[in-house]
Amino acid sequence: MGSQNSSGRRRMSDRNAGQRSGAVGDGDSSSAAGGREEDPDLATILSYLIRSGQVRILPSTGFGADDDDDDEDDDDDYMISSQTAVVPEAEENPDTNTIDRSEFRQEVLLQSEGCLNYNGALSKPSIVNMVQRREIGLMNGSKSFTRADCCVAMSKYLPNHKDTVAQFHSKVFCGTYSQDGDIFLSACQDQNIRIFDTSWGKFTLMKSVRARDVGWSVVDTAFSPDGNYLIYSSWSDCIHLCNIHGEHEVHEALHLFPDAGHSFCAFSIVFSADNKEILAGSNDGGLYVYDRESNQRCLKITAHEDDVNSVAFADTSSHILFSGGDDGLVKVWDRRTLSEATPVPVGTLAGHSDGITFIDSKNDSRYLLSNSKDQSIKLWDMRKFSSDDAIRGTKRAVARQNWDYRWPPVPARVKKVKHVEGDSSLMTYRGHSVLHSLIRARFSPAYTTGQRYIYTGCASGGVVVYDVLTGKVVSRLDGHRGCVRDVSWHPYEHTIISTSWDGSLGKWTYNGMKNMPHDIDSDSDENASDDDDERCPRRSKRLASLTRRLDRRRLPVHGI
């Protein structure tokens with residue numbers, strides 16, 4: 001969060017001010033006051049509690065000023081704040097000079113538009129025109145659509161209609177599709193992890209797991225590469241492993257053995273692609289690697305000067321690791337040379353002016369994105385590391401931050417676009433708000449979009465979709481009453497699930513009876529009739545499911 005406020009808040013960055021678990025108690029406060037158990041310095045203790053977020057100073061007027069003693073009222077504050085949050089204005093003309101000259105642009109155009117390259121055209125061809133060109137052999141000299149042609153067609157049908165597929169009485173923190181899209185995993189503050197069957201267009205509860213050793217909430221979840229297990233983390237010294245399939249129940253605690261003396265939480269966890277290791281980033285600034293074969297922690301290093309909020313692997317090789325922290329830096333590590341004795345990153349990416357909330361890799365060992373509390377997303381090429389001057393500039397910018405992103409509104413000075421000298425990112429995306437929690441952003445799927453988009457949750461209660469090449473907002477999906485913390489796009493279908501603090505899971509699909517995504521009226525979701533749903537082509541959903549299954553088996557699909 002910054003030097004002054006992050007030092008007291010580094011172990012609290014994703015925890016409610018009134019933490020129910022009581023992980024930080026009077027012993028910590030006494031320690032902060034200099035370790036004196038007798039005649040404590042009350043001013044020092046109060047100062048520590050305010051910095052750490054355990055005590056919140058409310059204004060004398062406004063909602064919630066008289067009711068903050070109650071946990072329920074505190075939850076209501078989050079919801080009201082999300083309802084009244086002002087959605088940041090997107091940049092009308094984002095700076096694309098760097099990305100226009102990069103290899104990234106050509107790669108994305110090839111994946112999402114193919115040889116046709118519609119990007120320079122005034123408008124993309126209609127579906128009818130594409131079918132006509134295909135029938136006469138003008139589609140790349142073939143009478144069949146390429147995967148890029150399919151992405152062009154699908155870009156006309158971005159999700160724009162929300163159906164609530166699950167509603168709970170507590171905030172929902174995590175929600176992700178499995179690699180094949182047949183399972184959806186959600187984690188709620190009621191300490192239940194729910195597994196849904198999403199095969200063939202369904203969304204039915206398949207299994208529910210009661211989380212153990214939970215402090216405040218389950219903070220992160222992850223699927224194993226084979227889809228047979230899940231892991232979850234909370235304010236606990238352990239990561240927990242559970243099975244998804246089978247009658248025999250598995251629920252094991254994987255001990256990370258952090259240093260004693262403070263509360264611990266693994267804010268971000270992920271499996272390696274070979275299923276042999278689990279990588280975790282924690283609130284003590286460390287990276288932890290757990291070896292599944294030996295069932296023990298095999299590595300622990302101090303990676304950042306503040307909380308590590310997100311970790312990721314660069315690709316399926318599992319050699320290159322990414323980490324992002326509250327120090328505003330993204331670091332790149334090589335697992336083959338990483339050791340506790342010499343924890344030196346391969347390189348550092350600097351350009352944000354506040355802490356990192358999430359990292360997502362394009363899974364090509366080159367590109368990644370980072371979401372930040374400075375209200376922006378940045379796209380990076382890991383081959384272009386930042387200079388020492390840029391790293392120092394980022395640290396200075398973060399040190400100047402003295403606001404708490406958990407309590408809106410965003411200060412006017414943060415809203416102003418500030419450039420960190422030496423910023424080595426390819427592109428910056430603005431138009432969403434990052435408040436309350438570690439909001440997540442991701443690349444859109446390769447199969448249906450050619451990874452042409454970046455989509456993110458928003459504290460105002462919606463999902464924002466950016467064109468990765470132009471930086472412009474192409475779709476703004478509003479419909480939640482609370483902060484949208486997590487988002488997940490189905491890997492083979494045009495479906496987005498939004499996970500919100502209003503206790504709901506929203507399923508976004510395309511509805512042809514509504515306006516195009518960039519003209520969506522946020523109130524139209526409530527006015528949509530049941531007849532609209534009946535007009536959605538069911539046959540196309542079945543064909544989409546069949547297509548992705550055939551594609552996985554590498555069988556040719558004709559007539560798509």
Side-chain angles (χ1 to χ4, degrees), residues 107-108 111-112 145-155 157-159 163 165 174-186 195-204 206 221-230 244-245 270-273 275 312-316 318 358-365 367-369 440-457 463 465-466 468 475 477 486-499 505-510 540-555 557 560:
E107 291 179 12
V108 171
Q111 293 172 351
S112 62
F145 285 153
T146 65
R147 178 51 49 198
D149 295 330
C150 293
C151 290
V152 172
M154 293 295 284
S155 68
Y157 305 102
L158 294 180
D163 291 305
V165 291
C174 309
T176 53
Y177 275 111
S178 59
Q179 289 186 5
D180 60 5
D182 287 342
I183 294 177
F184 186 84
L185 174 65
S186 74
I195 303 169
F196 296 89
D197 180 1
T198 55
S199 61
W200 299 99
K202 297 182 292 185
F203 202 96
T204 56
M206 185 174 75
T221 59
F223 283 102
S224 63
D226 57 12
N228 292 326
Y229 295 91
L230 66 89
I244 295 176
H245 305 285
V270 63
F271 279 94
S272 62
N275 213 1
F313 284 99
D315 55 20
T316 56
S318 300
F358 194 72
I359 290 174
D360 189 43
S361 172
K362 197 172 179 288
N363 289 321
D364 59 359
S365 73
Y367 303 104
L368 67 150
L369 65 82
R440 303 175 172 192
R442 307 178 191 273
F443 288 100
S444 63
Y447 186 84
T448 54
T449 70
Q451 294 183 302
R452 180 60 182 263
Y453 307 104
I454 289 174
Y455 64 110
T456 178
V463 180
V465 183
Y466 296 95
V468 72
S475 181
L477 309 175
D486 204 355
V487 285
S488 187
W489 198 319
H490 193 288
Y492 298 104
E493 298 174 5
H494 251 17
T495 300
I496 298 175
I497 300 294
S498 52
T499 299
L505 298 176
K507 181 178 181 180
W508 297 88
T509 54
Y510 177 75
S540 63
K541 293 182 179 180
R542 294 196 300 269
L543 287 175
S545 297
L546 177 60
T547 299
R548 62 185 174 85
R549 281 169 170 74
L550 291 173
D551 186 75
R552 281 184 231 144
R553 298 169 187 168
R554 299 183 179 179
L555 296 178
V557 180
I560 298 177

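Computed from a prediction, not measured in an experiment: that's the story for all the values here.
- Remark: F196 engages F203 in a ring-ring contact (aromatic ring centres under 6.0 Å, His included) (not counting sequence neighbours).
- Y455 is linked by a ring-ring contact (aromatic ring centres under 6.0 Å, His included) to W489, counting only residues two or more places apart in sequence or in another chain.
- When every heavy atom of T198 is checked against every heavy atom of I183, the shortest pair comes out as OG1-N, 3.2 Å.
- I454 has its side chain within reach of F443: a pair of non-hydrogen atoms, C-beta onward, lies under 4.5 Å apart.
- Applying the ring-ring contact (aromatic ring centres under 6.0 Å, His included) rule to Y177 yields the partners F184, H490; only residues at least two apart in sequence or on another chain are considered.
- A pairwise comparison of heavy atoms in P225 and S272 identifies CG-O, 3.2 Å as the closest pair.
- A search for side chain to side chain donor-acceptor pair (under 3.5 Å) contacts involving S178 returns D180, not counting sequence neighbours.
- Checking side-chain atoms of H494 against main-chain N and O of M154 turns up a donor-acceptor pair under 3.5 Å.
- Residues passing the side chain to side chain donor-acceptor pair (under 3.5 Å) test with S361: none are found, sequence neighbours excluded.
- A 6.0 Å sphere centred on OH of Y229 holds no more than 12 heavy atoms belonging to other residues, nucleotides or ligands.
- With rounding to the nearest 0.5 angstrom, the CD1 atom of I497 is 12.5 Å from the CG atom of L185.
- Every residue two or more places apart in sequence or in another chain that forms a salt bridge (Lys or Arg N to Asp or Glu O under 4.0 Å) with R442 is listed here: D486.
- Across all their heavy atoms, S488 and G175 have their closest contact at CB-O, 3.5 Å.
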